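Worksheet for the structure shown next.
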Amino acid sequence: MGADQGPRRHYDGRWSDMRVRFAPSPTGALHIGGARTALYNWLLARGGPHGPNGEEGTFVLRIEDTDRERSTPENVEQILDALRWLNLDWDEGPVFQSQRAGRHREALEELLASGRAYHSSATAQEVRAYKERHGWERGFRGEPESAGAVRLRYPDAGETGFDDVVRGKIRFANSSRDDPVIARADGSLLYNFAVAVDDLDAGITHVVRGEDHISNTPTQLLVFDALGVPPPVYAHLPLLYGPDGRKLSKRHGAASVQELRAAGYLPEAVDNYIALLGAGFSADEEHFSLQELAKRFRLERVSKNPAIFDEQKLRHMNGRHLRELGIDELTRRLEEYTGRHGLRGAVEISAEKIQTLADFWPLVSFLFDGPVDDARAFQKVICSDGGVENLEAAREALASAEPFTVENVEAALRGVVEALGAKPGKVFQPVRVAIAGTTVSPGIFESVALLGQEETLARIDRALDRAGARKS
RNA sequence: GCCCCCAUGGUCUAGCGGUCAGGACGCCUGCCUUUCACGCAGGAGAUCACCGGUUCGAAUCCGGUUGGGGGUACCA
(Lines give C-alpha, C1' and ligand atoms only; values in the text may rest on other atoms or scores of the structure.)
Protein backbone atom coordinates (compact mmCIF):
# COMPACT_ATOMS: atom_id res chain seq x y z
CA MET A 1 0.00 0.00 0.00
CA GLY A 2 0.93 3.63 -0.11
CA ALA A 3 2.38 5.73 -2.85
CA ASP A 4 5.43 3.61 -3.40
CA GLN A 5 4.54 2.20 -6.77
CA GLY A 6 7.62 2.95 -8.79
CA PRO A 7 7.29 4.26 -12.30
CA ARG A 8 4.13 3.19 -14.07
CA ARG A 9 4.67 1.30 -17.25
CA HIS A 10 3.13 2.29 -20.48
CA TYR A 11 1.37 -0.15 -22.69
CA ASP A 12 4.24 -1.36 -24.80
CA GLY A 13 3.50 -5.00 -25.41
CA ARG A 14 5.18 -6.20 -22.23
CA TRP A 15 2.77 -7.57 -19.73
CA SER A 16 4.70 -9.24 -17.00
CA ASP A 17 4.14 -6.42 -14.55
CA MET A 18 0.63 -5.62 -15.64
CA ARG A 19 -2.01 -5.18 -12.96
CA VAL A 20 -5.57 -4.62 -14.09
CA ARG A 21 -8.85 -4.49 -12.27
CA PHE A 22 -12.56 -4.85 -12.72
CA ALA A 23 -14.47 -2.59 -10.38
CA PRO A 24 -18.22 -2.99 -10.68
CA SER A 25 -20.62 -1.22 -8.44
CA PRO A 26 -23.13 -3.71 -7.03
CA THR A 27 -26.24 -1.77 -7.89
CA GLY A 28 -27.73 -4.52 -10.01
CA ALA A 29 -26.94 -7.73 -11.84
CA LEU A 30 -23.84 -7.93 -13.99
CA HIS A 31 -24.73 -6.54 -17.36
CA ILE A 32 -23.37 -7.81 -20.61
CA GLY A 33 -21.48 -4.53 -20.94
CA GLY A 34 -19.90 -4.98 -17.52
CA ALA A 35 -19.14 -8.58 -18.40
CA ARG A 36 -17.25 -7.45 -21.44
CA THR A 37 -15.24 -4.96 -19.41
CA ALA A 38 -14.37 -7.73 -16.96
CA LEU A 39 -13.49 -10.04 -19.84
CA TYR A 40 -11.18 -7.54 -21.52
CA ASN A 41 -9.34 -6.98 -18.27
CA TRP A 42 -9.05 -10.70 -17.75
CA LEU A 43 -7.79 -11.23 -21.30
CA LEU A 44 -5.21 -8.57 -20.72
CA ALA A 45 -3.97 -10.18 -17.54
CA ARG A 46 -3.96 -13.70 -18.89
CA GLY A 47 -2.83 -13.28 -22.45
CA GLY A 48 -0.60 -11.40 -24.78
CA PRO A 49 3.13 -11.67 -25.13
CA HIS A 50 4.22 -12.77 -21.71
CA GLY A 51 7.14 -11.44 -19.78
CA PRO A 52 10.60 -12.95 -19.96
CA ASN A 53 9.63 -15.60 -17.44
CA GLY A 54 6.18 -16.16 -18.82
CA GLU A 55 4.43 -14.35 -15.98
CA GLU A 56 0.84 -13.38 -16.28
CA GLY A 57 -0.62 -10.07 -15.28
CA THR A 58 -2.68 -9.74 -12.14
CA PHE A 59 -6.43 -9.34 -12.26
CA VAL A 60 -7.86 -7.55 -9.26
CA LEU A 61 -11.54 -7.53 -8.39
CA ARG A 62 -12.86 -4.55 -6.49
CA ILE A 63 -16.42 -3.86 -5.45
CA GLU A 64 -17.29 -0.19 -5.51
CA ASP A 65 -19.95 -0.20 -2.88
CA THR A 66 -19.66 3.31 -1.54
CA ASP A 67 -23.18 4.03 -2.70
CA ARG A 68 -24.79 2.60 0.40
CA GLU A 69 -28.30 3.19 -0.83
CA ARG A 70 -28.03 1.05 -3.91
CA SER A 71 -25.33 -1.48 -3.12
CA THR A 72 -26.54 -4.79 -1.72
CA PRO A 73 -24.82 -8.05 -0.69
CA GLU A 74 -27.19 -9.92 -3.01
CA ASN A 75 -25.95 -7.90 -5.96
CA VAL A 76 -22.35 -8.53 -4.96
CA GLU A 77 -22.98 -12.26 -4.88
CA GLN A 78 -24.73 -12.10 -8.23
CA ILE A 79 -21.76 -10.37 -9.79
CA LEU A 80 -19.26 -12.85 -8.38
CA ASP A 81 -21.50 -15.67 -9.52
CA ALA A 82 -21.70 -14.26 -13.04
CA LEU A 83 -17.93 -13.83 -13.19
CA ARG A 84 -17.35 -17.39 -12.08
CA TRP A 85 -19.84 -18.69 -14.59
CA LEU A 86 -17.98 -16.85 -17.34
CA ASN A 87 -14.77 -18.49 -16.12
CA LEU A 88 -13.17 -15.16 -15.34
CA ASP A 89 -11.12 -15.85 -12.24
CA TRP A 90 -9.48 -13.07 -10.31
CA ASP A 91 -6.16 -13.07 -8.51
CA GLU A 92 -6.86 -10.57 -5.76
CA GLY A 93 -9.97 -9.42 -3.99
CA PRO A 94 -12.75 -8.86 -3.96
CA VAL A 95 -11.73 -5.74 -2.08
CA PHE A 96 -14.63 -3.63 -0.89
CA GLN A 97 -14.25 0.06 -1.40
CA SER A 98 -16.46 0.75 1.59
CA GLN A 99 -13.91 -0.92 3.87
CA ARG A 100 -11.14 1.38 2.83
CA ALA A 101 -12.62 4.54 4.27
CA GLY A 102 -9.70 4.99 6.65
CA ARG A 103 -7.12 5.08 3.89
CA HIS A 104 -9.34 7.35 1.82
CA ARG A 105 -9.61 9.81 4.66
CA GLU A 106 -5.85 9.71 5.11
CA ALA A 107 -5.31 10.60 1.47
CA LEU A 108 -7.93 13.30 1.74
CA GLU A 109 -6.08 14.88 4.65
CA GLU A 110 -2.96 14.87 2.57
CA LEU A 111 -4.64 16.88 -0.18
CA LEU A 112 -6.22 19.25 2.30
CA ALA A 113 -2.84 19.82 3.93
CA SER A 114 -1.11 20.50 0.64
CA GLY A 115 -3.84 22.86 -0.48
CA ARG A 116 -4.77 20.76 -3.50
CA ALA A 117 -8.23 20.39 -2.00
CA TYR A 118 -10.35 22.70 0.12
CA HIS A 119 -13.50 22.78 2.17
CA SER A 120 -16.43 24.38 0.46
CA SER A 121 -20.06 24.76 1.40
CA ALA A 122 -21.11 25.80 -2.07
CA THR A 123 -24.37 24.16 -3.08
CA ALA A 124 -25.40 23.01 -6.53
CA GLN A 125 -27.44 26.20 -6.84
CA GLU A 126 -24.43 28.30 -6.03
CA VAL A 127 -22.39 26.47 -8.62
CA ARG A 128 -25.09 27.21 -11.18
CA ALA A 129 -25.17 30.82 -10.22
CA TYR A 130 -21.39 31.00 -10.55
CA LYS A 131 -21.53 29.57 -14.03
CA GLU A 132 -24.32 31.87 -15.08
CA ARG A 133 -22.16 34.76 -14.04
CA HIS A 134 -18.96 33.50 -15.64
CA GLY A 135 -20.29 31.69 -18.67
CA TRP A 136 -21.11 28.02 -19.10
CA GLU A 137 -17.78 26.97 -20.50
CA ARG A 138 -16.22 28.30 -17.32
CA GLY A 139 -15.75 25.76 -14.53
CA PHE A 140 -16.74 26.52 -10.95
CA ARG A 141 -14.03 27.64 -8.54
CA GLY A 142 -14.91 27.92 -4.88
CA GLU A 143 -13.45 29.81 -1.96
CA PRO A 144 -11.71 27.76 0.75
CA GLU A 145 -13.76 27.63 3.94
CA SER A 146 -13.21 26.05 7.32
CA ALA A 147 -15.80 23.32 6.94
CA GLY A 148 -18.18 21.68 4.50
CA ALA A 149 -17.68 19.30 1.64
CA VAL A 150 -14.22 18.94 0.14
CA ARG A 151 -13.53 20.06 -3.39
CA LEU A 152 -10.49 19.27 -5.47
CA ARG A 153 -8.80 22.36 -6.90
CA TYR A 154 -8.45 22.37 -10.67
CA PRO A 155 -5.77 24.60 -12.16
CA ASP A 156 -7.20 27.67 -13.89
CA ALA A 157 -5.17 27.31 -17.03
CA GLY A 158 -3.69 24.56 -19.11
CA GLU A 159 -5.24 21.23 -19.79
CA THR A 160 -5.48 17.84 -18.23
CA GLY A 161 -5.24 15.04 -20.71
CA PHE A 162 -4.10 11.53 -21.27
CA ASP A 163 -3.19 9.13 -23.97
CA ASP A 164 -6.03 6.65 -24.14
CA VAL A 165 -4.91 3.28 -25.47
CA VAL A 166 -8.00 2.86 -27.58
CA ARG A 167 -8.78 6.46 -28.45
CA GLY A 168 -5.52 8.29 -28.55
CA LYS A 169 -5.07 11.71 -27.05
CA ILE A 170 -7.94 13.14 -25.06
CA ARG A 171 -7.64 16.59 -23.53
CA PHE A 172 -9.80 18.72 -21.31
CA ALA A 173 -9.25 22.40 -20.73
CA ASN A 174 -8.83 22.87 -17.00
CA SER A 175 -10.78 26.09 -17.15
CA SER A 176 -13.87 24.19 -18.28
CA ARG A 177 -13.91 21.85 -15.31
CA ASP A 178 -15.78 22.48 -12.08
CA ASP A 179 -13.78 21.89 -8.93
CA PRO A 180 -15.32 18.52 -8.09
CA VAL A 181 -16.58 17.52 -4.68
CA ILE A 182 -14.47 14.57 -3.53
CA ALA A 183 -15.83 14.23 0.01
CA ARG A 184 -19.26 14.96 1.38
CA ALA A 185 -19.82 17.30 4.29
CA ASP A 186 -20.27 14.24 6.49
CA GLY A 187 -16.78 13.08 5.62
CA SER A 188 -17.73 10.20 3.34
CA LEU A 189 -15.74 9.92 0.13
CA LEU A 190 -16.95 10.21 -3.42
CA TYR A 191 -16.25 7.88 -6.27
CA ASN A 192 -13.79 9.95 -8.28
CA PHE A 193 -11.51 10.28 -5.33
CA ALA A 194 -11.89 6.77 -3.96
CA VAL A 195 -11.15 5.07 -7.30
CA ALA A 196 -7.95 6.95 -7.77
CA VAL A 197 -6.74 6.10 -4.27
CA ASP A 198 -7.78 2.49 -4.67
CA ASP A 199 -6.14 2.13 -8.07
CA LEU A 200 -3.01 3.66 -6.62
CA ASP A 201 -2.89 1.39 -3.60
CA ALA A 202 -3.62 -1.69 -5.66
CA GLY A 203 -0.75 -0.79 -7.95
CA ILE A 204 -3.04 -0.83 -10.97
CA THR A 205 -1.04 -0.20 -14.13
CA HIS A 206 -3.87 -0.22 -16.66
CA VAL A 207 -7.39 1.01 -16.11
CA VAL A 208 -9.73 -0.52 -18.68
CA ARG A 209 -13.36 0.54 -18.32
CA GLY A 210 -16.39 1.87 -20.15
CA GLU A 211 -16.28 5.14 -22.01
CA ASP A 212 -18.80 6.62 -19.63
CA HIS A 213 -15.74 7.19 -17.46
CA ILE A 214 -13.85 9.35 -19.92
CA SER A 215 -14.93 12.59 -18.41
CA ASN A 216 -14.13 11.31 -14.91
CA THR A 217 -10.58 10.65 -15.90
CA PRO A 218 -9.15 14.18 -15.63
CA THR A 219 -10.34 14.41 -12.05
CA GLN A 220 -8.72 11.09 -11.20
CA LEU A 221 -5.56 12.20 -12.96
CA LEU A 222 -5.58 15.27 -10.82
CA VAL A 223 -5.84 13.15 -7.68
CA PHE A 224 -2.80 11.15 -8.72
CA ASP A 225 -0.97 14.35 -9.44
CA ALA A 226 -1.92 15.86 -6.08
CA LEU A 227 -0.73 12.69 -4.38
CA GLY A 228 2.53 13.00 -6.24
CA VAL A 229 2.41 9.71 -8.12
CA PRO A 230 2.20 8.83 -11.80
CA PRO A 231 -1.20 7.66 -13.00
CA PRO A 232 -1.96 4.34 -14.64
CA VAL A 233 -2.53 3.94 -18.34
CA TYR A 234 -6.17 4.35 -19.36
CA ALA A 235 -8.23 2.61 -21.99
CA HIS A 236 -11.90 3.41 -22.49
CA LEU A 237 -14.14 0.88 -24.10
CA PRO A 238 -17.10 1.85 -26.27
CA LEU A 239 -20.49 1.13 -24.75
CA LEU A 240 -22.85 -1.65 -25.73
CA TYR A 241 -26.41 -0.97 -26.90
CA GLY A 242 -29.59 -2.93 -27.32
CA PRO A 243 -31.08 -3.91 -30.67
CA ASP A 244 -33.00 -0.66 -30.85
CA GLY A 245 -29.76 1.27 -30.72
CA ARG A 246 -30.46 2.45 -27.22
CA LYS A 247 -28.64 1.78 -24.03
CA LEU A 248 -28.76 -1.84 -22.96
CA SER A 249 -31.26 -2.41 -20.18
CA LYS A 250 -33.57 -4.95 -18.67
CA ARG A 251 -36.15 -4.05 -21.25
CA HIS A 252 -34.09 -5.60 -23.98
CA GLY A 253 -34.57 -9.11 -22.76
CA ALA A 254 -31.43 -11.03 -22.03
CA ALA A 255 -29.23 -8.21 -20.89
CA SER A 256 -27.71 -9.65 -17.74
CA VAL A 257 -25.33 -12.56 -17.55
CA GLN A 258 -27.83 -14.51 -15.46
CA GLU A 259 -30.50 -14.06 -18.08
CA LEU A 260 -28.17 -15.30 -20.76
CA ARG A 261 -27.41 -18.36 -18.72
CA ALA A 262 -31.10 -19.00 -18.12
CA ALA A 263 -31.73 -18.65 -21.86
CA GLY A 264 -29.45 -21.62 -22.46
CA TYR A 265 -26.29 -19.92 -23.64
CA LEU A 266 -22.88 -21.38 -22.90
CA PRO A 267 -20.28 -19.32 -21.05
CA GLU A 268 -17.83 -20.21 -23.81
CA ALA A 269 -20.09 -18.65 -26.39
CA VAL A 270 -20.92 -15.60 -24.32
CA ASP A 271 -17.23 -14.94 -23.71
CA ASN A 272 -16.47 -15.42 -27.37
CA TYR A 273 -19.31 -13.23 -28.55
CA ILE A 274 -18.84 -10.31 -26.21
CA ALA A 275 -15.10 -10.37 -26.85
CA LEU A 276 -15.86 -9.88 -30.52
CA LEU A 277 -18.08 -6.90 -29.83
CA GLY A 278 -15.57 -4.15 -30.13
CA ALA A 279 -12.37 -5.99 -30.80
CA GLY A 280 -11.08 -6.85 -34.22
CA PHE A 281 -9.49 -10.21 -33.58
CA SER A 282 -9.09 -11.48 -37.05
CA ALA A 283 -10.26 -10.73 -40.55
CA ASP A 284 -11.33 -14.26 -41.28
CA GLU A 285 -11.96 -16.22 -38.09
CA GLU A 286 -14.05 -15.44 -35.07
CA HIS A 287 -14.64 -18.70 -33.27
CA PHE A 288 -12.30 -18.76 -30.29
CA SER A 289 -11.86 -20.32 -26.88
CA LEU A 290 -11.10 -18.13 -23.88
CA GLN A 291 -7.44 -19.12 -24.11
CA GLU A 292 -7.27 -18.27 -27.78
CA LEU A 293 -8.94 -14.96 -27.09
CA ALA A 294 -6.38 -14.17 -24.41
CA LYS A 295 -3.59 -14.99 -26.78
CA ARG A 296 -4.96 -12.79 -29.53
CA PHE A 297 -6.41 -9.88 -27.59
CA ARG A 298 -4.79 -6.52 -28.32
CA LEU A 299 -6.06 -3.58 -26.34
CA GLU A 300 -4.90 -1.12 -28.94
CA ARG A 301 -7.05 -2.86 -31.53
CA VAL A 302 -10.27 -2.37 -29.62
CA SER A 303 -12.87 -0.53 -31.66
CA LYS A 304 -13.92 3.01 -30.88
CA ASN A 305 -17.49 2.49 -32.02
CA PRO A 306 -20.29 1.48 -29.74
CA ALA A 307 -21.73 -1.93 -30.64
CA ILE A 308 -25.22 -3.32 -30.62
CA PHE A 309 -25.82 -6.60 -28.86
CA ASP A 310 -27.15 -9.02 -31.46
CA GLU A 311 -28.69 -12.11 -29.91
CA GLN A 312 -29.00 -13.85 -33.28
CA LYS A 313 -25.28 -13.91 -33.70
CA LEU A 314 -24.83 -15.08 -30.14
CA ARG A 315 -27.21 -17.95 -30.95
CA HIS A 316 -25.14 -18.89 -33.93
CA MET A 317 -21.89 -18.84 -32.00
CA ASN A 318 -23.53 -20.76 -29.20
CA GLY A 319 -24.45 -23.52 -31.63
CA ARG A 320 -20.86 -23.86 -32.71
CA HIS A 321 -19.49 -23.94 -29.18
CA LEU A 322 -22.20 -26.36 -28.16
CA ARG A 323 -21.28 -28.87 -30.85
CA GLU A 324 -17.64 -28.47 -29.98
CA LEU A 325 -18.27 -29.66 -26.44
CA GLY A 326 -18.61 -33.30 -27.37
CA ILE A 327 -21.48 -35.58 -26.36
CA ASP A 328 -20.29 -36.32 -22.82
CA GLU A 329 -19.80 -32.73 -21.79
CA LEU A 330 -22.89 -31.55 -23.62
CA THR A 331 -24.92 -34.22 -21.85
CA ARG A 332 -23.55 -33.07 -18.52
CA ARG A 333 -24.55 -29.49 -19.22
CA LEU A 334 -27.95 -30.39 -20.52
CA GLU A 335 -28.69 -32.56 -17.51
CA GLU A 336 -27.70 -29.71 -15.27
CA TYR A 337 -29.76 -27.26 -17.30
CA THR A 338 -32.90 -29.37 -17.50
CA GLY A 339 -32.60 -31.07 -14.14
CA ARG A 340 -33.21 -34.41 -15.86
CA HIS A 341 -30.99 -37.47 -16.05
CA GLY A 342 -30.33 -40.24 -18.53
CA LEU A 343 -30.23 -37.82 -21.41
CA ARG A 344 -27.21 -39.11 -23.27
CA GLY A 345 -29.11 -40.95 -25.99
CA ALA A 346 -31.33 -37.97 -26.65
CA VAL A 347 -28.30 -35.69 -26.74
CA GLU A 348 -26.60 -37.90 -29.29
CA ILE A 349 -29.42 -37.67 -31.74
CA SER A 350 -30.20 -33.97 -31.27
CA ALA A 351 -26.86 -32.28 -30.73
CA GLU A 352 -26.55 -30.95 -34.22
CA LYS A 353 -30.08 -29.60 -34.23
CA ILE A 354 -29.90 -27.20 -31.33
CA GLN A 355 -28.29 -23.83 -30.83
CA THR A 356 -28.91 -23.30 -27.14
CA LEU A 357 -29.43 -25.55 -24.16
CA ALA A 358 -33.00 -24.29 -24.14
CA ASP A 359 -33.63 -25.68 -27.62
CA PHE A 360 -32.98 -29.21 -26.43
CA TRP A 361 -35.93 -30.15 -24.31
CA PRO A 362 -38.72 -29.07 -26.65
CA LEU A 363 -37.07 -31.17 -29.34
CA VAL A 364 -36.72 -34.39 -27.35
CA SER A 365 -39.27 -34.25 -24.54
CA PHE A 366 -41.48 -36.69 -26.47
CA LEU A 367 -38.92 -39.40 -25.80
CA PHE A 368 -39.51 -39.07 -22.07
CA ASP A 369 -42.89 -37.48 -21.55
CA GLY A 370 -44.89 -38.88 -24.45
CA PRO A 371 -45.92 -37.23 -27.71
CA VAL A 372 -46.55 -33.51 -27.80
CA ASP A 373 -50.09 -32.51 -28.52
CA ASP A 374 -50.11 -30.78 -31.88
CA ALA A 375 -53.58 -31.25 -33.37
CA ARG A 376 -52.73 -29.42 -36.55
CA ALA A 377 -49.75 -31.65 -37.28
CA PHE A 378 -51.83 -34.74 -36.57
CA GLN A 379 -54.60 -33.63 -38.85
CA LYS A 380 -52.31 -32.60 -41.65
CA VAL A 381 -49.92 -35.52 -41.67
CA ILE A 382 -51.89 -38.51 -40.49
CA CYS A 383 -55.52 -37.75 -41.23
CA SER A 384 -54.98 -37.04 -44.85
CA ASP A 385 -53.54 -38.25 -48.08
CA GLY A 386 -52.81 -41.89 -47.29
CA GLY A 387 -51.36 -41.04 -43.91
CA VAL A 388 -53.18 -43.81 -42.09
CA GLU A 389 -52.39 -46.44 -44.70
CA ASN A 390 -48.71 -45.56 -44.74
CA LEU A 391 -48.58 -45.52 -40.97
CA GLU A 392 -50.16 -48.97 -40.86
CA ALA A 393 -47.58 -50.28 -43.29
CA ALA A 394 -44.81 -48.72 -41.26
CA ARG A 395 -46.17 -50.30 -38.10
CA GLU A 396 -46.09 -53.70 -39.67
CA ALA A 397 -42.52 -53.32 -40.89
CA LEU A 398 -41.36 -51.95 -37.55
CA ALA A 399 -43.04 -54.81 -35.71
CA SER A 400 -40.77 -57.28 -37.43
CA ALA A 401 -37.56 -55.29 -37.21
CA GLU A 402 -35.20 -57.38 -35.05
CA PRO A 403 -33.08 -56.36 -33.33
CA PHE A 404 -34.52 -52.86 -33.06
CA THR A 405 -31.43 -50.92 -34.09
CA VAL A 406 -31.11 -47.71 -36.03
CA GLU A 407 -29.94 -49.69 -39.03
CA ASN A 408 -32.84 -52.12 -38.93
CA VAL A 409 -35.38 -49.39 -38.31
CA GLU A 410 -34.06 -47.55 -41.31
CA ALA A 411 -34.14 -50.68 -43.45
CA ALA A 412 -37.70 -51.41 -42.38
CA LEU A 413 -38.97 -47.93 -43.05
CA ARG A 414 -37.15 -47.60 -46.35
CA GLY A 415 -38.57 -50.95 -47.32
CA VAL A 416 -42.05 -49.54 -46.80
CA VAL A 417 -41.24 -46.53 -48.90
CA GLU A 418 -40.07 -48.75 -51.69
CA ALA A 419 -42.96 -51.20 -51.47
CA LEU A 420 -45.49 -48.39 -51.54
CA GLY A 421 -43.65 -46.43 -54.17
CA ALA A 422 -44.29 -43.40 -52.02
CA LYS A 423 -42.17 -40.37 -51.39
CA PRO A 424 -40.08 -40.94 -48.26
CA GLY A 425 -41.72 -38.11 -46.40
CA LYS A 426 -45.14 -39.70 -46.86
CA VAL A 427 -44.06 -42.56 -44.66
CA PHE A 428 -41.58 -40.91 -42.33
CA GLN A 429 -43.69 -37.94 -41.37
CA PRO A 430 -46.71 -39.96 -40.18
CA VAL A 431 -44.36 -42.06 -38.06
CA ARG A 432 -42.76 -38.92 -36.71
CA VAL A 433 -46.07 -37.39 -35.77
CA ALA A 434 -47.23 -40.66 -34.25
CA ILE A 435 -44.27 -40.93 -31.91
CA ALA A 436 -43.39 -37.29 -31.32
CA GLY A 437 -46.72 -35.59 -31.82
CA THR A 438 -45.18 -32.94 -34.04
CA THR A 439 -43.48 -32.62 -37.40
CA VAL A 440 -40.18 -31.57 -35.92
CA SER A 441 -37.89 -34.04 -34.20
CA PRO A 442 -34.41 -35.52 -34.40
CA GLY A 443 -33.77 -38.01 -37.19
CA ILE A 444 -36.69 -40.41 -37.48
CA PHE A 445 -34.68 -43.66 -37.49
CA GLU A 446 -32.66 -42.58 -34.49
CA SER A 447 -35.73 -41.38 -32.66
CA VAL A 448 -37.65 -44.58 -33.28
CA ALA A 449 -34.74 -46.79 -32.30
CA LEU A 450 -34.13 -44.83 -29.14
CA LEU A 451 -37.80 -44.94 -28.19
CA GLY A 452 -37.75 -48.71 -28.47
CA GLN A 453 -39.95 -51.11 -30.34
CA GLU A 454 -42.65 -51.59 -27.76
CA GLU A 455 -43.21 -47.91 -27.11
CA THR A 456 -43.01 -47.03 -30.79
CA LEU A 457 -45.66 -49.57 -31.74
CA ALA A 458 -47.85 -48.48 -28.85
CA ARG A 459 -47.68 -44.87 -29.96
CA ILE A 460 -48.42 -45.76 -33.55
CA ASP A 461 -51.42 -47.79 -32.42
CA ARG A 462 -52.68 -44.91 -30.38
CA ALA A 463 -52.29 -42.57 -33.33
CA LEU A 464 -54.10 -45.02 -35.56
CA ASP A 465 -56.95 -45.30 -33.08
CA ARG A 466 -57.20 -41.59 -32.83
CA ALA A 467 -57.23 -41.19 -36.59
CA GLY A 468 -59.90 -43.86 -36.88
CA ALA A 469 -62.01 -42.15 -34.29
CA ARG A 470 -61.70 -38.96 -36.21
CA LYS A 471 -62.85 -40.52 -39.43
CA SER A 472 -65.96 -42.11 -38.10
C1' G B 1 -26.40 25.22 -22.85
C1' C B 2 -21.19 23.55 -21.86
C1' C B 3 -17.25 19.58 -22.08
C1' C B 4 -15.71 14.94 -24.30
C1' C B 5 -16.13 10.69 -27.63
C1' C B 6 -17.82 8.26 -32.11
C1' A B 7 -19.40 7.59 -37.61
C1' U B 8 -17.70 1.14 -43.54
C1' G B 9 -24.21 -3.14 -46.11
C1' G B 10 -29.81 -4.34 -41.15
C1' U B 11 -25.91 -6.04 -37.12
C1' C B 12 -20.50 -7.07 -35.61
C1' U B 13 -16.24 -5.95 -38.20
C1' A B 14 -11.41 -6.05 -41.96
C1' G B 15 -9.24 -2.02 -44.25
C1' C B 16 -4.65 2.03 -42.33
C1' G B 17 -3.22 6.92 -49.89
C1' G B 18 -4.12 3.20 -55.50
C1' U B 19 -8.78 -3.24 -53.33
C1' C B 20 -14.01 -5.53 -58.15
C1' A B 21 -14.35 -2.08 -50.32
C1' G B 22 -12.98 -8.45 -47.64
C1' G B 23 -15.27 -11.64 -43.74
C1' A B 24 -19.13 -13.12 -40.07
C1' C B 25 -24.49 -13.01 -38.34
C1' G B 26 -29.18 -12.31 -40.52
C1' C B 27 -31.92 -12.61 -45.32
C1' C B 28 -32.76 -15.15 -50.39
C1' U B 29 -31.62 -19.41 -53.91
C1' G B 30 -29.72 -24.23 -54.79
C1' C B 31 -27.30 -28.88 -53.09
C1' C B 32 -27.63 -32.55 -49.21
C1' U B 33 -32.21 -34.67 -47.45
C1' U B 34 -37.19 -38.05 -43.66
C1' U B 35 -38.93 -32.91 -40.67
C1' C B 36 -36.00 -29.18 -38.35
C1' A B 37 -31.19 -28.12 -38.20
C1' C B 38 -25.95 -28.84 -39.50
C1' G B 39 -22.81 -28.69 -43.69
C1' C B 40 -21.69 -27.09 -48.70
C1' A B 41 -22.30 -23.82 -53.21
C1' G B 42 -24.23 -19.30 -54.93
C1' G B 43 -27.01 -14.44 -54.39
C1' A B 44 -29.19 -9.74 -52.87
C1' G B 45 -27.65 -5.88 -49.77
C1' A B 46 -22.55 -0.10 -48.90
C1' U B 47 -23.56 6.95 -52.90
C1' C B 48 -17.50 3.97 -46.89
C1' A B 49 -22.97 10.07 -42.75
C1' C B 50 -22.60 14.90 -45.49
C1' C B 51 -19.65 19.18 -47.42
C1' G B 52 -15.16 21.18 -48.39
C1' G B 53 -9.94 20.76 -48.62
C1' U B 54 -4.65 18.16 -49.14
C1' U B 55 -3.05 14.73 -53.16
C1' C B 56 -1.88 12.49 -59.81
C1' G B 57 -5.11 9.51 -56.61
C1' A B 58 -8.95 9.44 -50.17
C1' A B 59 -13.20 4.82 -46.83
C1' U B 60 -8.18 5.88 -45.43
C1' C B 61 -4.98 12.59 -43.99
C1' C B 62 -7.09 17.81 -42.43
C1' G B 63 -11.30 21.18 -41.40
C1' G B 64 -16.42 22.02 -40.98
C1' U B 65 -21.54 20.21 -40.79
C1' U B 66 -25.07 16.69 -39.44
C1' G B 67 -26.33 12.55 -36.66
C1' G B 68 -25.53 9.29 -32.43
C1' G B 69 -23.48 8.59 -27.60
C1' G B 70 -21.21 9.85 -22.82
C1' G B 71 -20.48 13.46 -19.00
C1' U B 72 -22.13 17.84 -16.81
C1' A B 73 -24.35 15.01 -8.85
C1' C B 74 -22.25 16.22 -1.62
C1' C B 75 -24.22 8.57 -7.83
C1' A B 76 -20.97 4.82 -9.30
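Residue numbering restarts at 1 for every chain, and letters A, B, ... go by the order of the sequence lines. As the structure is a computational prediction, the values presented were derived from the model and not from experiment.
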Pairs under 3.5 angstrom, nitrogen or oxygen only, protein versus nucleotides 23-27 of chain B, please.
residue, atom, partner, partner atom, Å
B:rA24, O2', A:Glu286, OE2, 2.3
B:rA24, O2', A:Lys313, NZ, 3.3
B:rA24, N3, A:Lys313, NZ, 3.3
B:rC25, OP1, A:His316, NE2, 3.2
B:rC25, O2', A:Lys313, N, 3.4

**Study point:** Under the salt bridge (Lys or Arg N to Asp or Glu O under 4.0 Å) test, residues paired with A:Arg395 that sit two or more places apart
**Key:** A:Asp461
Exercise for review: Kindly assign one of parallel, tilted or perpendicular to the pair A:Tyr130 and A:Phe140, based on the angle between their ring planes and the thresholds 30° and 60°.
Suggested key: perpendicular
Hey, what are the protein-to-nucleotides 41-43 of chain B N/O distances that come in under 3.5 Å?
none

Check your understanding: Looking at RNA chain B, which of residues 362-373 of chain A put a heavy atom within less than 4.0 Å of it?
Key -> none
**Study point:** Over 12 non-hydrogen atoms of neighbours within 6.0 angstrom of CD in A:Glu418
**Key:** no
Exercise for review: Please work out if A:Gly210 contacts a base, only the sugar-phosphate, or nothing of the nucleic acid, heavy-atom cut-off 4.0 Å.
Suggested key: nothing
Practice item. For A:Arg167, enumerate each residue passing the salt bridge (Lys or Arg N to Asp or Glu O under 4.0 Å) test, keeping only those at least two apart in sequence or located in another chain. Key: A:Glu211
Review point. Looking at residues at least two apart in the chain, or sitting in another chain, which of them share a salt bridge (Lys or Arg N to Asp or Glu O under 4.0 Å) with A:Lys423?
Key: none
Mind listing the N/O atom pairs, protein and nucleotides 74-76 of chain B, below 3.5 Å?
residue, atom, partner, partner atom, Å
B:rC74, O2, A:Ala185, N, 3.1
B:rC75, OP2, A:Arg184, NE, 2.6
B:rC75, OP2, A:Arg184, NH2, 2.6
B:rC75, O2', A:Asp67, OD2, 2.4
B:rC75, O2, A:Arg70, NH2, 2.9
B:rA76, OP1, A:Thr66, OG1, 3.1
B:rA76, OP2, A:Tyr191, N, 2.8
B:rA76, O3', A:Glu64, O, 3.0
B:rA76, O2', A:Ser25, OG, 2.9
B:rA76, N6, A:Asn216, OD1, 2.8
B:rA76, N6, A:Asn216, ND2, 3.1
B:rA76, N1, A:Asn216, OD1, 3.2

Check your understanding: What pairs of residues pass the side chain to side chain donor-acceptor pair (under 3.5 Å) test when at least one of them lies in residues 354-367 of chain A, not counting sequence neighbours?
Key -> A:Arg315-A:Gln355, A:Arg315-A:Asp359, A:Thr356-A:Asp359
**Study point:** Set of salt bridge (Lys or Arg N to Asp or Glu O under 4.0 Å) partners for A:Asp369, sequence neighbours left out
**Key:** A:Arg340
Exercise for review: List in chain and number order the residues that pass ring-ring contact (aromatic ring centres under 6.0 Å, His included) with A:Phe428, two or more places apart in sequence or in another chain; answer none if no residue qualifies.
Suggested key: A:Phe445
Could you list, one pair per line, each protein nitrogen or oxygen that sits under 3.5 Å from a nitrogen or oxygen of nucleotides 4-6 of chain B, together with the distance?
residue, atom, partner, partner atom, Å
B:rC5, O2', A:Arg167, NH1, 2.3
B:rC6, O3', A:Asn305, OD1, 3.2

Check your understanding: Using a cut-off of less than 4.0 Å, is there contact between a side-chain N or O of A:Arg301 and OP1 or OP2 of B:rG15?
Key -> yes
Study note, to complete from the structure: Applied to residues 426-441 of chain A, the side chain to side chain donor-acceptor pair (under 3.5 Å) test, sequence neighbours excluded, yields A:Asp385-A:Lys426, A:Gln429-A:Arg432, A:Arg432-A:Ser441
